[in-house]
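One structure is given below, encoded as C-alpha cells.
On a predicted model such as this, the values are computed, not experimentally measured, just so you know. In what follows, residues are counted from 1 in the order of the sequence shown. Computation of the quantities below employed the complete heavy-atom set of this structure, encompassing side-chain atoms and omitting hydrogens, waters and symmetry-equivalent molecules.
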Amino acid sequence: MNKKVFLVVMAGLLCSKGVFGAEQTKSYAGDEMIVTATKTLNSISDTGGSSVTVITAEDIRNLGKQSVEEVIKGTAGIDVASNGGPGTLASVFLRGADAKNTLVLIDGVPSNDPADANRAPNFANLTVDNIDRIEIVRGTVSFLYGSNASAGVINIITKKGTSTPQSFAGLEGGSYGTYKAYAGTNGQQGILNYSVGVSRLKTEGFSAVDQNNSWINPKGKVFEKDGYENTSLSGNFGLRLNDHTSLETVLRYTKANVAYDYSGSDTSGLNQDSDQFSGRVALKMNYKPLVSTLYYNVYDQDRSYLTSGALSSKFNGHRYEIGWQGDVAVEENNTVSVGLNYQQESMINQNFGTYASLLDKGVGSNSVFVQDQWRLGGVKVVGGLRYEDNEKFGSKTTYRVAPSYTINDTVLKFSYGTGFRAPSLYELFSPYGNTQLTAETTSGWDTGFEQKVSDRLKFGATYFRMDFDNRIDFDLSTYTYAQVAGLTKTHGVESFAEWNPIDPLLLACNYTYTSTADPLGSELLRRPKNKVGITGTGKLSSKLKVSTNMQWVGTRIDNGVEGKSKGQLPSYFLMNMTASYKLSDTVELYGRLDNLFDVYYEEAWGYATPGRSSYAGIKVTF
C-alpha cells in the first residue's frame with residue numbers, strides 16, 4: 001500500500017503544470033560556496049571528486065522542521081533512526097556505516113560526545129535555529145578531520161551578520177501539546193558583525209515506546225507521554241581588526257530535558273537532563289599569498305539521568321583543541337594548506353546507588369596535515385595526507401585523493417581515501433572496557449558523474465564502497481568491547497535529478513541503494529537498502545509559498561522484531577507539506593502538516609513515531 005501511494009503521488013508531481021514556483025532546493029552540485037570538503041572556502045565544483053550536499057537556510061525554512069535530524073532525513077546517503085519522539089536518541093548512518101563513523105561539526109567544532117559509549121554524535125537536541133546551512137561530505141575525510149570522520153562529515157554552520165540589520169520574533173504551536181517561541185537579531189556596526197538567536201521549545205510528546213505495537217502492548221493500554229523541553233542560544237560574532245586581520249567567535253548552548261522509556265517497556269519517572277556547549281575563537285590573518293588561522297575550539301556535554309527525581313548517573317564529556325592552519329596560494333590555480341592541531345578529550349562518569357562507581361579518564365593527540373588543491377583546464381584535484389599521534393594507541397597516517405574531470409557539461413568524479421576511528425574513552429576504560437583496543441581503520445572509494453542536460457535538467461549518480469577493519473563492537477560472550485575480526489563492508493549507489501520543465505515548476509529527487517554486511521555476511525541494523533526522497537517547493541502567488549517533501553524508506557533489519565532475535569521492519573512512505581503567507585513585508589503566517597496520510601511506521605523496533613500532525617505559527621521581522 002505504501003509503495004502504491006508513493007508512486008501515485010510521484011506521478012502526480014511529475015505530470016503537474018506549475019503547481020510549485022521555483023525556489024532553492026537541496027544542492028547536489030554547482031557553485032554553492034562551502035568550507036567542509038577542503039577546510040577552505042570553495043565552490044562545490046572546485047572540491048574535486050568530493051561528494052557534497054548543501055542544505056541551505058531556504059531549504060530548512062521550506063521543510064518547516066524543528067531539528068537537524070528531521071532536516072537531513074531526506075538527504076541522499078543518510079539514514080536516521082530515533083528511539084521515540086523529540087529529544088530521544090537519534091542515530092545517523094552515513095553510507096551504511098555505524099553512527100560513530102560520522103563526525104558532526106558545529107561551526108567547525110568537533111561535536112561528537114566524548115562521554116558517549118562509542119563517541120557517536122547525537123542529533124537529539126540540535127535545533128535548526130540560526131543555522132545558515134548544513135554541509136554534508138560523504139566518504140572518508142579523516143585526512144582533514146582525524147578520528148570519527150571515516151564515513152563522512154556533517155557541518156552545521158551558524159548565520160553571520162550582514163550589513164543590513166534585521167531582527168525577528170515568532171511563536172508557533174501544534175500537535176502533541178507543542179509550542180515554540182524564538183527571536184534573533186543580526187547586523188553590522190562598524191568593525192563588528194553579529195548574529196544572535198534564542199529559542200524555547202516544549203512539547204508534551206507521545207510515549208517513546210510504541211503503544212500501537214501489538215507485540216509490546218497486546219492489551220492496548222494507553223502509555224504515558226514522554227515530553228521534551230529545549231532552550232537554545234547561538235551567536236556568531238566577527239571583529240575586523242584591520243584590513244588583514246579579523247577575530248571570529250561562534251558559540252551554541254543548549255539546555256534540554258526529555259522523558260524516555262526503556263526498550264519495550266512503558267516506564268514512568270525516567271528523565272535525562274542535558275547541557276551542551278560548543279565554542280570557537282579564531283584569529284584570521286590574510287597576508288597574501290598566505291592566509292593563517294589560529295583557533296581554539298571547545299565542546300562540553302553534560303548528561304544527567306534521573307529515576308523518579310533521584311539522580312542515578314552523570315556523564316560529562318569535554319574536548320578542547322588548539323590549532324593553526326595556513327593556506328598558501330602558490331599559483332592562481334594551486335592552493336596548498338598545512339594544519340597543526342593538538343586535541344584533548346576527557347570524560348567523567350559517576351553512577352550512584354547500589355552500584356556506585358566513578359570513571360575519570362582523558363587522552364590527547366597531536367596531528368599535522370597537508371593538502372594540495374589544483375586546477376588545470378577541466379581537471380581538478382584535491383589530495384592530502386595526515387599524521388596523527390594518539391597517546392593511547394600510537395600513530396596513524398591517512399590520506400585521500402579526489403580528482404574530477406569536466407568535459408563540456410559532463411563532470412566525472414572519483415575519490416579514494418583511508419580513515420580511522422580511535423576507541424572511545426568508554427570503550428577503553430569503563431567496566432565494560434578493554435584497554436587493549438586499537439583503532440578501527442577504513443578504506444573507501446567512490447566514482448560517479450554529474451550531467452547537465454540543459455539549464456532546466458541535471459542529474460548524476462555515484463557508486464561508493466567502504467571497508468571497515470578492526471571494527472569495535474560489544475561482545476555479549478565476554479560482556480566487554482572487542483575488535484571484530486574481518487571486514488565490515490558497505491557499498492551502494494547515490495543518485496539525484498533536478499528538473500525545471502517550465503517556469504515556475506522545479507522538482508528534485510534522490511535515490512540511494514545501500515548494501516551492508518558484517519564479517520559473517522549479516523546486514524547491519526536499521527539500514528534500508530532502498531530509499532527515495534522528493535522535494536518540490538515554490539510560490540502560488542507573490543504572498544503564498546507552498547512546499548512538499550516525500551520519503552519512501554525500504555525494509556530494514558532490527559533486533560527483536562515480532563519477538564525474533566532479528567526481524568524485518570516494513571517499508572513506509574511519508575508526505576509532509578508546508579505553506580507560508582505574507583500578510584505584509586514584516587508579518588508572515590506559516591504552517592506545516594506532517595505525515596499527511598497518517599502512516600504507521602517505526603524507525604527502530606518498539607519505538608514510536610508521530611502520526612498525522614499539524615503546526616502553525618507567526619513570524620514578525622523588523
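Using a cutoff of 4.0 Å between basic side-chain nitrogens and carboxylate oxygens, Lys73 and Glu70 are not scored as salt-bridged. Look at Lys396 and Glu388 and you find no salt bridge, because none of the NZ, NE, NH1 or NH2 atoms lies under 4.0 Å from a carboxylate O. Ion pair Asp113/Arg303 flagged as a salt bridge, since at least one NZ, NE, NH1 or NH2 atom sits closer than 4.0 Å to an Asp/Glu carboxylate oxygen. Salt bridge Arg319/Glu321: absent, no basic N to carboxylate O contact under 4.0 Å. Remark: Glu494 engages Arg95 in a salt bridge, criterion side-chain N to carboxylate O under 4.0 Å.
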For residues 235-247, which side-chain donor-acceptor pairs fall under 3.5 Å, sequence neighbours excluded?
from	atom 1	to	atom 2	distance (Å)
Asn236	ND2	Lys159	O	3.4
Arg240	NH2	Asp243	O	3.3
Asn242	OD1	His244	N	2.7
Asn242	OD1	Thr245	N	2.8
Asn242	OD1	Thr245	OG1	3.3
His244	ND1	Asn286	O	3.0

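Within the 3.5 Å criterion, the main-chain N or O of Glu332 finds a donor-acceptor partner in the side chain of Arg375. No donor-acceptor pair closer than 3.5 Å links the side chain of Ser547 to the backbone N or O of Thr578.
Around NZ of Lys284, the count of heavy atoms belonging to other residues, nucleotides or ligands within 6.0 Å does not exceed 12.
By the 30° and 60° cut-offs, the orientation of the rings of Phe393 relative to Phe420 is perpendicular.
Between Asn101 and Ser150, the side chains place a donor N or O and an acceptor N or O closer than 3.5 Å (distance only, hydrogens not considered). Counting only N and O atoms by type, the side chains of Ser337 and Asp327 include a donor and acceptor under 3.5 Å apart.
Residues Glu248 and Asp107 form no side-chain contact, since every pair of their non-hydrogen atoms from C-beta on lies 4.5 Å or further apart. Asn390 is not listed as a side-chain neighbour of Ser395, based on a closest heavy-atom distance of 4.5 Å or more. Side-chain contact between Asp300 and Tyr320 is absent, with no heavy atoms from C-beta onward closer than 4.5 Å. Contact annotation: the side chain of Phe468 never approaches that of Arg421 to less than 4.5 Å [non-hydrogen atoms, C-beta and beyond].
Screening Thr621, Asn186, Thr185 for a side-chain hydrogen bond (donor to acceptor under 3.5 Å, both in side chains) with Ser167, the sole residue that qualifies is Thr185. Evaluated for a side-chain hydrogen bond (donor to acceptor under 3.5 Å, both in side chains) with Gln373, the options Thr47, Asp46, Thr40 yield exactly one hit, Thr40.
The cationic group of Lys619 does not satisfy the cation-pi geometry with Tyr590, failing either the under 6.0 Å distance to the six-membered ring centre or the 45° limit from the ring axis.
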Inset, instruction - Quick one: do Leu144 and Phe369 satisfy side-chain contact (heavy atoms from CB on, under 4.5 Å)? Show the steps, please. - result: CA-CA 7 Å; Leu144 279 179; Phe369 80 85; 3.7 Å; yes

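Summarising the geometry of Ile136 relative to Thr75, their closest heavy-atom pair is CD1-CG2, 3.9 Å, with the distance given to 0.1 Å.
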